[in-house]
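Each remark here refers to the structure printed beneath this line.
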Amino acid sequence: MSDTSPADLVTTTFEAQRDRLRAVAYRMLGSHADAEDVVQEAWLRLSRQDTAAIHNLAGWLTTVVGRISLDVLRSRQAHPEASYDDRLPEFVVTVDDGPAPEDDVALADTVGLALLVVLESLGPSERLAFVLHDLFAVSFDEIGQILGKSAAAAKMLASRARRKVQAAEHPTAAGREQREVIQAFLSAARRGDFEGLLRVLDPEVKLTADTPGGVVVVLGATEVAAGAQLRLRAGAAARGRAVLVNGLPGFVAWREDGTPLSVMAFTVADGRIAHIAVVADPARLAAMDLPDPE
C-alpha cells in the first residue's frame, strides 16, 4: 500500500510537466522571467482546484499556461511602453551577398535562431495557435477553447502565422522583394517621408529594441514610423550596409567615427514589414562580429 497522498501525486505530476510548461510559456512570451511567472501562476491555480475532477492534468496545465500567456501578450499590446527582462536572442550577422547564398553554412546554422524574433511579429492569437499546434502538437479543438473560437478559426490563425514564419525564416525565397521593402523603409526614414514609411509597415508592426536600459517595445505603424523618422533623419546612421541577421534580412549602421550604431533585423510578410528587432546596446554591439562598413 502506497503512502503517497493525492497532493503528493499532483506535485509530482506538476514537476514532471514543469520544463514543458516553461518551454510553452517561453515561446509564447520570449522572456524567461515571464515564463517562470506564468508557470508559477499555473501552479497556484492548480493548488486551488479539485484535482480529482481533472481527467487530463497535462492537458489542463497546458491550457492554463496558454491562457495566462495570452493575457500577458494582450497586456503588452495595451501597454507597449513596458520593458521586458529578457533581451533579444543573440544576433549572428553575416554579409548579404545576394538572394541565394546556398552554400553559406553560417546562415543555415542561424536560421533556427530567428524563430523567436519572427514570433514577435505575430499577434497574440496567431502566436498562441502557432506555438501550441506547430511546436507542441496541441489540437485545434483545445486551442479554440483557449481563444474562445472555433477549431476552424484556430486552424486559420495557425496557418496565417505559419506563412509569416516560413516567409521570414526563408528570406531567399522572396529575397528581392524583401530587400526592396527594407530599402524603401530605410530611404523613406532618411527622407522623413512619413507616408512612405506607413506604406511599407504593417499596421500592427512591432519594434523590439535592445537598449542599454533594457528591452523597449513599440507597437503600431504610426509609432514605429515616427521613431524611425526621427532616428535616421538625425543623421546618426551615417553609414550602413545590408546584412543577414540570424538568417533574416537586416541592416548594420555605423556612426561617422566608425563605431557601430545599431543592428536591425526585419521580418517581412505579405509585402510589408511586420517586425523590426534592433540591438542598440553598445556593449552587445561591441561583442558582435560585424562586417566592415561598405
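When reading the values below, keep in mind they use all heavy atoms of this one structure, side chains included, and skip hydrogens, waters and symmetry mates. Since the model is a prediction, treat every value here as computed from it, not as a measurement.
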Side-chain heavy-atom pair Val263, Leu290 within 4.5 angstrom cut-off: yes
Any side-chain heavy-atom pair from Val64 and Leu46 closer than 4.5 angstrom? no
Quick one: OG on Ser69 to CG on Asp34, what's the gap to the nearest 0.5 Å? 9.0 Å
Calculate, to the nearest 0.5 Å, the distance between atoms CG and CD1 belonging to Asp202 and Ile276 respectively. 11.0 Å
Is Trp60 close to Gln49 at the side-chain level, that is, under 4.5 Å between some pair of heavy atoms? yes
For Ala280 versus Pro212, what's the shortest heavy-atom pair and its separation? O-CD, 4.1 Å
Could you go through Leu147 and Leu128, starting from their C-alpha distance and side-chain angles, then the distance that decides it, and tell me whether this counts as side-chain contact (heavy atoms from CB on, under 4.5 Å)? CA-CA 9 Å; Leu147 294 171; Leu128 181 136; 3.9 Å; yes
Could you tell me if the side chain of Pro249 sits less than 4.5 Å from the side chain of Val268, heavy atoms only? no
Do Arg20 and Thr62 have side-chain atoms, one donor and one acceptor, less than 3.5 Å apart? yes
So, for Leu285 and Leu261, which heavy atoms are closest and what is the spacing to 0.1 Å? CD1-O, 3.4 Å
From CD1 (Ile182) to CD (Gln178), nearest 0.5 Å: 6.0 Å
Can you tell which of Val218, Ile273, Leu219 makes a side-chain contact (heavy atoms from CB on, under 4.5 Å) with Leu207? Val218
Nearest heavy-atom neighbours spanning Ala188 and Gly196: CB-C, 3.9 Å
Min side-chain heavy-atom separation Arg272-Val200 under 4.5 Å: no
Less than 4.5 Å apart, any side-chain heavy atom of Ile146 and any of Leu132? yes
Could you measure the distance from the NE2 atom of His133 to the CG atom of Leu157? Nearest 0.5 Å is fine. 12.5 Å
Taking side chain as C-beta onward, heavy atoms only, is Val217 less than 4.5 Å from Lys206? yes
Return the minimal non-hydrogen interatomic distance between Val245 and Gly250, and the atom names on each side. CG2-CA, 4.0 Å
Just verifying a value: how many Å separate Asp193 CG and Phe185 CZ, rounded to the nearest 0.5 Å? 12.0 Å
Would you say Ser159's side chain and Met156's backbone share a donor-acceptor pair under 3.5 angstrom? no
Less than 3.5 Å apart, any donor N or O on the side chain of Gln17 or Thr13 sitting next to an acceptor on the other? no
One pair to check against side-chain hydrogen bond (donor to acceptor under 3.5 Å, both in side chains): Glu15 and Thr11. What are the steps and the verdict? CA-CA 6 Å; Glu15 289 302 327; Thr11 300; over 6 Å; no
For Leu197 and Ala225, the nearest pair of non-hydrogen atoms, with its separation, is CD1-O, 3.4 Å
Residue pair Ser125 / Leu70: nearest heavy atoms and the distance that separates them: N-CD1, 4.1 Å
Any pair counted as side chain to side chain donor-acceptor pair (under 3.5 Å), so long as it reaches residues 134-149, sequence neighbours left out: Asp134-Arg162, Ser139-Glu142
Show me the donor-acceptor pairs, under 3.5 Å and distance only, between side chains in residues 35-43 and residues at least two apart or in other chains.
| residue | atom | partner | partner atom | Å |
| --- | --- | --- | --- | --- |
| Glu36 | OE2 | Arg22 | NE | 2.7 |
| Glu41 | OE2 | Arg45 | NE | 3.0 |

Is a donor on one side and an acceptor on the other found under 3.5 Å between the side chain of Arg127 and the backbone of Met28? yes
Could you tell me whether the side chain of Arg241 reaches within less than 4.5 Å of the side chain of Phe251, counting heavy atoms only? no
Taking the ring of Phe266 and the ring of His275, is the distance between their centroids below 6.0 Å? no
Pair Thr222-Phe194, side-chain contact (heavy atoms from CB on, under 4.5 Å): steps then yes or no: CA-CA 9 Å; Thr222 301; Phe194 192 75; 4.0 Å; yes
Using modelled atom types and a 3.5 Å cut-off, is there a donor and acceptor pairing between side-chain atoms of Arg255 and backbone atoms of Pro260? yes
